[in-house]
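Written out below as structure tokens is the structure these notes cover.
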Amino acid sequence: METERRILTREAFDSLLQKAVAAGQRAYGPKDLDGRIDFAPIARLDDLSTGHVQTTQSAKFALFPKVEELFSFHREGNAQVLDEATEADTPETLLLGVRPCDAAAIASLAAIFNWDTRDPQFNRRLARTTVVTITCTHADEYCFCTSVGGGPGNSTGSDLLLTPLEGGTYLAEVLTARGQALLALVPESSTPANAVDKESRLACVPSRFTAETVTAKMAVAFDREGLWREQSLRCLGCGACAFVCPTCACFDISDESNGIQGKRLRTWDSCGFSLFTKHTSGHNPREVQSQRWRQRLMHKFVYMPDRLKVLGCVGCGRCSRSCPVDMNILEHVTKVAEVK
Amino acid sequence: MAEFEPRIVAFVCNWCTYAGADLTGTSRIKYAANVEIIRFPCTGRIDFMLLLKAFASGADAIIVSGCHPNDCHYTSGNFHARRRWMTFRSLLDYLGIDVRRVQFSWVSAAEGAKWAEVVNSTTAAVRELGPFTGYRQLAGAGIELGG
Amino acid sequence: MEELRKRARELLATGEVKVVIGYGEGSAGRIRPLFITDPAGAGVLMFDERCLANLAVYLLKAEVKQLGKAAGTAPIRNHSNGLQPAAESQVSDETVRLIGVADGKAVDLPTLASAEEYVASVSLEPAAEEKEALARIERMTMEERWAYWNEQLSRCLKCYACRAACPMCYCTQCTVECNQPQWIPVPATPLGNLEWHVMRAMHLAGRCVGCGECRRACPIDLPIDLLTKKIGEDVAAGFGLRAGSSRKLEYALSTYRPDDREDFIR
Amino acid sequence: MMSQPNLYKPYLMRLDRITEEAPGVKTFKLLFQNEEEGRQFSFRAGQFAEYSVFGAGECTFCIASSPTRKGYVECTFRQAGRVTSALSDLEVGDTLGFRGPYGNVFPIEKWAGKSLLFIAGGIALPPMRCLIWNVLDLRSKFRDVTILYGARTVADLVYKHELEEWSQRPDVKLVTTVDPGGETPEWRGEVGFVPSVLEKIAPLSINTVAIVCGPPIMIKFTFPVLSRLGFTPDTIYTTLENRMKCGVGKCGRCNVGKYYVCKDGPVFTFEQLKTLPPEY
């Protein structure tokens, strides 16, 4: 089915946003927060930052928030009563201005959360999230989406894919029913797009490696203790890379309670922390940071493709940009790929 | 609206203030019942985190009281505590937490009257300030529903 | 720069140290910590105004300690980062050697004592703009401060980059990892974040040298260095102790003066 | 959008009986508060579950009762951390959560007609106990059944009454041992570490399957003995104990090599273990 392509004027885009917000959708988009570009609630198109390459944090908060209630409980005598949020509590979310790599990341998250059993919390949020992606007109040296099956104009995971044209107008590719429904909010103001050359406006992201070679080589490189130790000597074992990453979905489950009532919560976690695998007895299968750094790369480039048939990395470069000690995943992956 | 009755948690040292509070009772001196007393071997043993936990579980004000300088049963517990509270109180103030809700005092085993005065004046002052809901609301916030 | 590399080669060649921790070019014009163990590899060491990162954290990292005696390069002011761990007997002349860098020249500091003398020639007071940043918040009303800190700290992800990057956060089991009792709530809720950052600041009281690495490490630039620097100023003013000023500095909160002055205890 | 079941919401169970097995080790018998859920619940030997004390959290143990016994489940745990301490404080009649069954199973059908050698150490008897009772309830299907069980001291031996029952049975060979120095004057069993006692009793390996559960140190020294006795890696089964939270293959914690212990395990053959990185 040929993707429907329309031209969306700036005013139409702005009125589409305002109507969506008026209809009760929480709208988030990249905003300049005193120098740092990150997702924040937006009400008008002027709030949206457009000159940036990528936001600091990913958009996964809409599908997998940093703190989420799984269910709540309260005591009655020595009995407990459980209750949980209903469908109505799940908000409708409009993600505006994510990049193609973020949209592609949804497939990795969905693969994890729906492997074998389906995660209801994730699926309810996914069903109520509309993804309006803006293609990349420029990239930086951290980006490597083209090496992991993506690209600056890739449409995977998007409901509506916008490419900026002159004068603030956008080429809008309508990819899903949700995208259709969103565009229907401004029926009169979007006109069919004639031959608009999208490719020429996209950023150039040179391909650095092919995922297949990295997956094969990394599995072989597993036992090269020296390689992993040398790469991770400067790694401090914090969670910044995992928490800004659009495809990291590891989580912790813990209770918050005042003794009478409480909640069981799901929170972000990271394989970079030593507590992630540490037994109560003190035994820790991953004792040193090189094992944890190796797990991060092996999980994304070897175990996930092997088990879930999807890579655990979309090449957005956020982990490298946010790392306090400049651990650069692209550099490390290409080094592993060169292992003989 | 029913008159607001502040809930006050008092962290007191066993050798001086706790004994002082006993004396207040045996001397039949009346003082506000809003205070819940928690006994510690020494003010030096009171961890600053306990004050935060008290606020989080509903305290509107906190009293920390122990031996006068040079009276400490353990010689220097109160001296260490003094430095801790000087640092901690300044941090709370810097964070915008109302330090009038954290009262510190030296009450010896013989100062039953002073203990009553500390409790009564704190209760009256906090009744004016009202409940410390600002802190408690933090607990429920920040949890995404609709799971 | 060349002098620094020469110094590093000598230290490694003579076996005086097993590893030189220094700065090197990183991604997109950034600086990256380097660990040079072979004299021939010292050529990549560099130093310029971008080299602010506090490398002392690696003097305490197990995997680096295993390599043997380490030399840590740092701008003079940052050598207080080496002296404070020494004051807490985490490093000594047997395990650590410092290489100072002052306006491009390498300054040899064979012992911690020599580093102390050199640091004494430099003021450890916060820079003017740091003092202004602290004062800007003090000028706010109480309600404004509460709103400001809640708005900032509620955004914290609890990725613990601030703790990981801090040389003084070397506890084998941090209170945050204790769950009996669960002192600090696990989730990154506004309350959990506030209690975490209050505890972190208090546990660094009189120990934080104000290097600012916690703020540089924070992926979302939270101004958490202000909390530790605020306490640093209180401790310096109240107890006359400036963290990082000497390798034998006493720990502020476990020592006392009978005549410590305060104005709020009745 | 049909709402899917909440994977993380546990069954509510009533604590029906508490048995003190050894210092700090208890066995709980749990009844489903909702009878219908109890009737529908089924599991197979080897599977585990998440047990929760609301307000403290969840922890992971195998289901220690046999799948052939309906209407209740049992678990055995040692008080060690936050949740097990909270569990230890519970009294009969209290409510706790139970989520499962999770993980794979011991392939009992494949073992029909074979001899079975059970080797357990310390607190690891519970996953075996479930399997042993399951086997004994179908005893005629198997040739010899040998059980070698060791613990640090006599007091640390769990399921003492069941050990007694098994030792009376003619169709079961039970050998119990305690670590050197752990014996008491009236102790009649062996004295020595499990691997050395195994070497001593030297069971035949022909047409025999070995199932080994215990602390990593015991497993490390038991495998070579089994190999010397002629057991091939594919006939040796064990269970892995990884830190777990979700139990349904999503939270990433128990990912070892290409396996998720909560989905592909906890039951593994020694052959599978050899393909895994030493990260368990």
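Letters go in sequence order (proteins before strands), and every chain restarts at 1.
Under a 3.5 Å cut-off, the side chain of D:N6 and the backbone N or O of A:F71 do not form any donor-acceptor pair. At least one donor-acceptor pair closer than 3.5 Å links the side chain of A:D255 to the backbone N or O of D:G55. For D:K250 (side chain) and A:T117 (main-chain N/O), a donor-acceptor pair under 3.5 Å exists by modelled atom type. No side-chain donor-acceptor contact under 3.5 Å links A:H283 to the backbone of D:P216. Checking side-chain atoms of D:K245 against main-chain N and O of A:I253 turns up a donor-acceptor pair under 3.5 Å.
Contacts of A:N258 with chain D are absent, with no heavy-atom separation under 4.5 Å from either backbone or side chain. Contacts between D:V83 and chain A at a heavy-atom distance below 4.5 Å are absent for every atom of the residue. Using a 4.5 Å cut-off between heavy atoms, A:K278 contacts chain D through its backbone alone, with no side-chain atom that close. With a 4.5 Å cut-off on non-hydrogen atoms, A:A249 touches chain D through its backbone but not through its side chain. Within the 4.5 angstrom heavy-atom criterion, no atom of A:L109 approaches chain D. Only the backbone of A:N114 comes within contact range of chain D, judged by heavy atoms closer than 4.5 Å.
Under the 4.5 Å side-chain criterion, counting only non-hydrogen atoms from C-beta, D:L12 is in contact with A:L82. Annotation: side chain of D:Y259 is not in contact with side chain of A:Y303 (no heavy-atom distance under 4.5 Å). Two residues are said to be in side-chain contact when any heavy atoms from C-beta on lie closer than 4.5 Å; D:P277 and A:F222 meet this criterion. Residues D:E58 and A:R264 form a side-chain contact, since some pair of their non-hydrogen atoms from C-beta on lies under 4.5 Å apart. A 4.5 Å side-chain heavy-atom check between A:D116 and D:K263 finds at least one atom pair inside the cut-off.
Chosen from D:Q33, D:R78, D:E279, the residue pairing most often with chain A at heavy-atom distances under 4.5 Å is D:E279. Chosen from D:C59, D:G81, D:C254, D:G249, the residue pairing most often with chain A at heavy-atom distances under 4.5 Å is D:G249. When the candidates D:A80, D:G257, D:G93 are compared by the number of heavy-atom contacts under 4.5 Å with chain A, D:G257 comes out ahead.
Distance SG/A:C250 to CG/D:N255: 8.0 Å, rounded to 0.5 Å. Distance check, rounded to the nearest 0.5 Å: CZ of A:F276 to SG of D:C251 gives 6.0 Å. Remark: D:R243 CZ to A:L275 CG distance equals 7.0 Å, nearest 0.5 Å. The structure places CG of D:L7 at 11.0 Å from CZ of A:F113, a figure rounded to the nearest 0.5 Å. Rounded to the nearest 0.5 angstrom, A:R75 CZ and D:T95 OG1 are separated by 8.5 Å. To the nearest 0.5 Å, atoms OG1 (A:T280) and CD (D:Q79) are separated by 11.5 Å.
Among residues 285-292 of chain A, the residues having any heavy atom closer than 4.5 Å to a heavy atom of chain D are, in sequence order, A:P285, A:R286, A:Q291.
D:D264 has a carboxylate O that lies under 4.0 Å from a charged side-chain N of A:R307, or vice versa, which qualifies the two as a salt bridge.
Classified by interplanar angle (parallel below 30°, tilted 30° to 60°, perpendicular above 60°), the ring pair D:Y8/A:F251 is perpendicular.
Under the rule for a side chain to side chain donor-acceptor pair (under 3.5 Å), A:K66 has no partner lying at least two apart in sequence or in another chain.
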